[in-house]
Amino acid sequence: MPDQTYYLYTFGCQMNEHDSEVTAGLLEGMGYSRAGDPGGADLVVVNTCCVRGSAEHKVFSLLGRLAGKGLVAVGGCLAQREGMAGEIRRRFPAVRLIFGPHALPRLPELVTRAAAGETVVAVEEAAGAPEEGLPARRAPGVRAWVPITFGCNNFCTYCVVPLVRGRERSRPPEAVVAEVERLGREGYREVTLLGPNVNSYGRDLGTGLARLLERLDGPVSRLRFLTSHPRDLDDRLIETVAALPRVCEHFHLPAQSGSDRVLKLMHRGYTRTHYLDLVRRIRLAMPEAAVTTDLIVGFPQETGEDFEATLALVEEAGFDAAYTFVYNARPGTPAAAMEGQVSAGLKKERIAALVELVNRIALARNQARVGAVEEVLVESASGPLFGRTRGNRAVTFPGGSAWVGELVPVRIVRATPRALEGEVAG
């Protein structure tokens with residue numbers, strides 16, 4: 001298939017980004033080359049997300065603009081959602097290939113059929129262990145994503161992940177170790193282990209995340225993992241992170257709410273007391289550890305008292321950063337059918353108050369770093385050098401492009417809620 005080109009759009013989380021890396025690897029294995037823009041591409045692939053309504057709307061808007069742009073394929077979580085393949089075919093007849101994440105290993109066959117003129121729909125359930133050996137075309141850089149679990153068993157009432165990604169399945173530790181070792185040989189300095197609930201890794205294999213981290217403390221300079229579920233974070237993992245020099249002291253630990261009543265409605269499986277005790281234990285073991293979180297406002301039946309409990313949790317936990325979201329109903333989830341949906345106006349008021357508090361605390365946490373010397377992994381040199389600390393704080397500082405990929409000691413001189421500024425420590 002000479003001189004065929006592809007263009008790839010990606011929406012969603014790091015798991016989607018990695019799926020796009022595999023998509024690119026499979027297409028280039030077929031002889032496709034990456035196009036600089038979608039206008040002249042023979043194949044346009046839209047890798048989708050359906051966790052939030054905003055991502056879904058962006059996909060539909062894009063598909064409308066892609067009519068007549070060659071062979072158009074839609075993959076990812078939105079394609080997998082029940083009934084969505086039919087809706088995409090009805091609304092966007094120019095789309096000739098629709099495939100869910102579980103059909104990704106079959107992409108070469110599916111593209112070949114679609115390119116021959118067939119309209120192809122491949123939306124299937126997950127079956128068996130994750131397939132190994134798929135090529136991934138990663139962008140050059142110093143950081144890489146490595147999925148270690150797929151799917152989720154938690155069934156939080158607001159979340160579509162188990163509906164579109166299936167039940168949790170872990171990769172064999174030998175496969176993960178081999179991939180991380182290969183990435184180290186290729187020059188990547190930092191690897192982030194990914195999973196919808198990464199700290200339940202290995203339950204289906206008789207192992208665990210702590211044991212995997214111990215095996216990986218060597219091939220690369222830094223290791224991270226996300227996303228952790230508070231119900232499954234234990235002292236063994238905290239102690240392992242504290243003991244291993246290459247594992248970064250950063251825990252992304254989504255709280256979602258500070259109200260026990262709302263947490264129960266969400267089916268989260270923990271209380272605010274349990275959550276705050278986890279934060280205390282992390283910082284007792286690692287005083288310099290960064291703790292970040294996700295928070296949802298306007299969940300069905302959330303009262304003013306419930307929201308105040310979330311604000312109080314943010315104050316008490318003192319998060320280094322928080323990703324804040326307005327609840328929006330996702331079709332097929334139990335929360336979408338709950339009574340007591342919160343009005344848009346009230347959600348807007350609450351999210352504004354939450355963001356203000358999160359930013360105030362994040363600024364104070366970052367200002368406390370001023371004067372400290374941080375180890376920064378330099379990622380890019382477009383303008384000032386940009387990198388991240390072990391706690392995943394963004395840092396900019398002056399320097400030359402030769403430092404990209406290096407671990408540099410940087411003295412922090414200024415802080416904002418979202419980033420630090422520094423200078424090379426003498």
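Everything numeric in this text was worked out from a predicted model, so none of it was measured.
Applying the salt bridge (charged side-chain N to carboxylate O under 4.0 Å, His left out) test between E379 and each of R388, R222, R189 identifies R388 as the sole match. Just one of T293, L263, L253, V279 meets the side-chain contact (heavy atoms from CB on, under 4.5 Å) condition when paired with P230; it is L253.
Judged by distance alone, with hydrogens and angles left aside, the side-chain atoms of T48 form a donor-acceptor pair with the main-chain N or O of G75 at under 3.5 Å. In this structure, the side chain of D294 does not engage the main chain of Q256 through any donor-acceptor pair within 3.5 Å. For the pair E190 (side chain) and V220 (backbone), a donor-acceptor distance under 3.5 Å is absent. A side-chain donor-acceptor contact under 3.5 Å links N47 to the backbone of N16. In this structure a side-chain-to-backbone donor-acceptor pair under 3.5 Å is present from T157 to L265. Checking side-chain atoms of R330 against main-chain N and O of C50 turns up a donor-acceptor pair under 3.5 Å. D217 contributes a side-chain N or O that, together with a main-chain N or O of R246, makes up a donor-acceptor pair within less than 3.5 Å. Although no hydrogens or angles enter the test, the distance criterion places no donor-acceptor pair under 3.5 Å between the side chain of N359 and the main chain of P417. A distance-only check finds no donor-acceptor pair linking the side chain of R96 to the backbone of L71 [under 3.5 Å]. The closest donor-acceptor contact from the side chain of Q367 to the backbone of R414 lies at 3.5 Å or more, if one exists at all.
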Could you go through the side chain to side chain contact (heavy atoms under 4.5 Å, CB included) check for L278 and H274 one step at a time?
-> CA-CA 6 Å; L278 282 177; H274 176 80; 3.8 Å; yes
CA sep, side-chain torsions, deciding dist, call: V358, V314, side chain to side chain contact (heavy atoms under 4.5 Å, CB included) = CA-CA 7 Å; V358 164; V314 172; 4.2 Å; yes
Verdict with reasoning, R283 to D320, per salt bridge (Lys or Arg N to Asp or Glu O under 4.0 Å) | CA-CA 12 Å; R283 289 183 172 148; D320 295 270; 3.3 Å; yes
Stepwise, does the side-chain hydrogen bond (donor to acceptor under 3.5 Å, both in side chains) test hold for Y158 with R268?
-> CA-CA 10 Å; Y158 54 82; R268 290 292 287 171; 3.3 Å; yes
Decide side chain to side chain contact (heavy atoms under 4.5 Å, CB included) for F92 and L66; before the verdict, give the C-alpha distance in whole Å, the side-chain angles of both, and the deciding distance to 0.1 Å.
-> CA-CA 9 Å; F92 307 101; L66 289 176; over 6 Å; no
Evaluate the side chain to side chain contact (heavy atoms under 4.5 Å, CB included) criterion for residues L212 and L193: first the C-alpha distance (whole Å), next the side-chain angles of each, then the deciding distance (0.1 Å), finally the verdict.
-> CA-CA 10 Å; L212 180 64; L193 307 178; 4.2 Å; yes
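For the pair P135/L26, a side-chain contact is recorded, criterion being any heavy-atom separation below 4.5 Å from C-beta on. Using a 4.5 Å heavy-atom threshold, the side chains of E21 and W145 count as touching. Counting heavy atoms from C-beta outward, C77 and F11 have side chains that stay 4.5 Å or more apart. Side-chain contact between S228 and V198 is present, with at least one heavy-atom pair separated by less than 4.5 Å. The shortest distance between side-chain heavy atoms of L78 and F60 falls below 4.5 Å. Taking the side chain as every heavy atom from C-beta outward, R350 and L354 never approach each other to under 4.5 Å. Residues H267 and N154 fail the side-chain proximity criterion, which asks for heavy atoms closer than 4.5 Å. Contact check for M84 versus V74: no side-chain heavy atoms found under the 4.5 Å cut-off.
The distance from the CZ atom of R280 to the OH atom of Y275 is 14.5 Å, given to the nearest 0.5 Å. Residue E109 holds its CD atom at 9.5 Å from CG of L107, rounded to the nearest 0.5 Å. Taken from CZ in F386 to CG in L377, the straight-line distance is 10.0 Å, to the nearest 0.5 Å. In this structure, L346 CG and I351 CD1 are separated by 12.0 Å, a value rounded to the nearest 0.5 Å. Taken from CD1 in I98 to CD1 in I88, the straight-line distance is 5.0 Å, to the nearest 0.5 Å. The distance from the CZ atom of R137 to the CD atom of E28 is 4.5 Å, given to the nearest 0.5 Å.
Note on residues 6-19: pairs passing salt bridge (charged side-chain N to carboxylate O under 4.0 Å, His left out), not counting sequence neighbours, are D19-R165.
Comment: E305 does not engage R261 in a salt bridge, judged by the lack of any side-chain N to carboxylate O separation of less than 4.0 angstrom. Salt bridge annotation for R138-E186: absent, with no cationic side-chain nitrogen under 4.0 angstrom from a carboxylate oxygen. In this structure, E288 does not pair ionically with R390, as no charged nitrogen and carboxylate oxygen lie closer than 4.0 Å. Ion pair E239/R281 not flagged as a salt bridge, since none of the NZ, NE, NH1 or NH2 atoms sits closer than 4.0 Å to an Asp/Glu carboxylate oxygen. Using a 4.0 Å cut-off between charged nitrogen and carboxylate oxygen, R236 and E214 count as a salt-bridge pair. Here E179 pairs with R171 in a salt bridge; the nearest charged N to carboxylate O distance falls below 4.0 Å.
Scored by the salt bridge (charged side-chain N to carboxylate O under 4.0 Å, His left out) test, E131 finds no partners at all (sequence neighbours excluded). In this structure A41 satisfies the side chain to side chain contact (heavy atoms under 4.5 Å, CB included) test together with T5, Y7, A35, V44, sequence neighbours excluded.
Minimum heavy-atom separation, Y6 to A24: OH-CB, 3.3 Å. Taking both residues in full, the closest heavy atoms of M15 and G195 are given as SD-N, 4.4 Å, listed atom of the first, atom of the second, then distance. Contact record, P300 with Q341: CG-NE2, 3.4 Å, taken as the closest heavy-atom pair. Pairing each heavy atom of R224 with each of G391, the nearest pair is NH1-C, 4.3 Å. Considering every non-hydrogen atom in both L420 and A415, the closest pair reads CD2-CB, 3.8 Å. Listed here is the closest heavy atom pair of L134 and P105: CD1-CG, 3.9 Å.
Around atom CZ of R106, more than 12 heavy atoms belonging to other residues, nucleotides or ligands sit under 6.0 Å away. In the displayed structure, E316 atom CD is contacted under 6.0 Å by at most 12 heavy atoms of other residues, nucleotides or ligands.
Remark: the E168 side chain and the S200 side chain contain an N/O donor-acceptor pair separated by less than 3.5 Å.
Taking the six-membered ring where tryptophan is involved, the planes of H229 and Y270 are perpendicular, since the angle between them exceeds 60° and thus also 30°.
Between H102 and F150, the ring center distance fails the sub-6.0 Å criterion.
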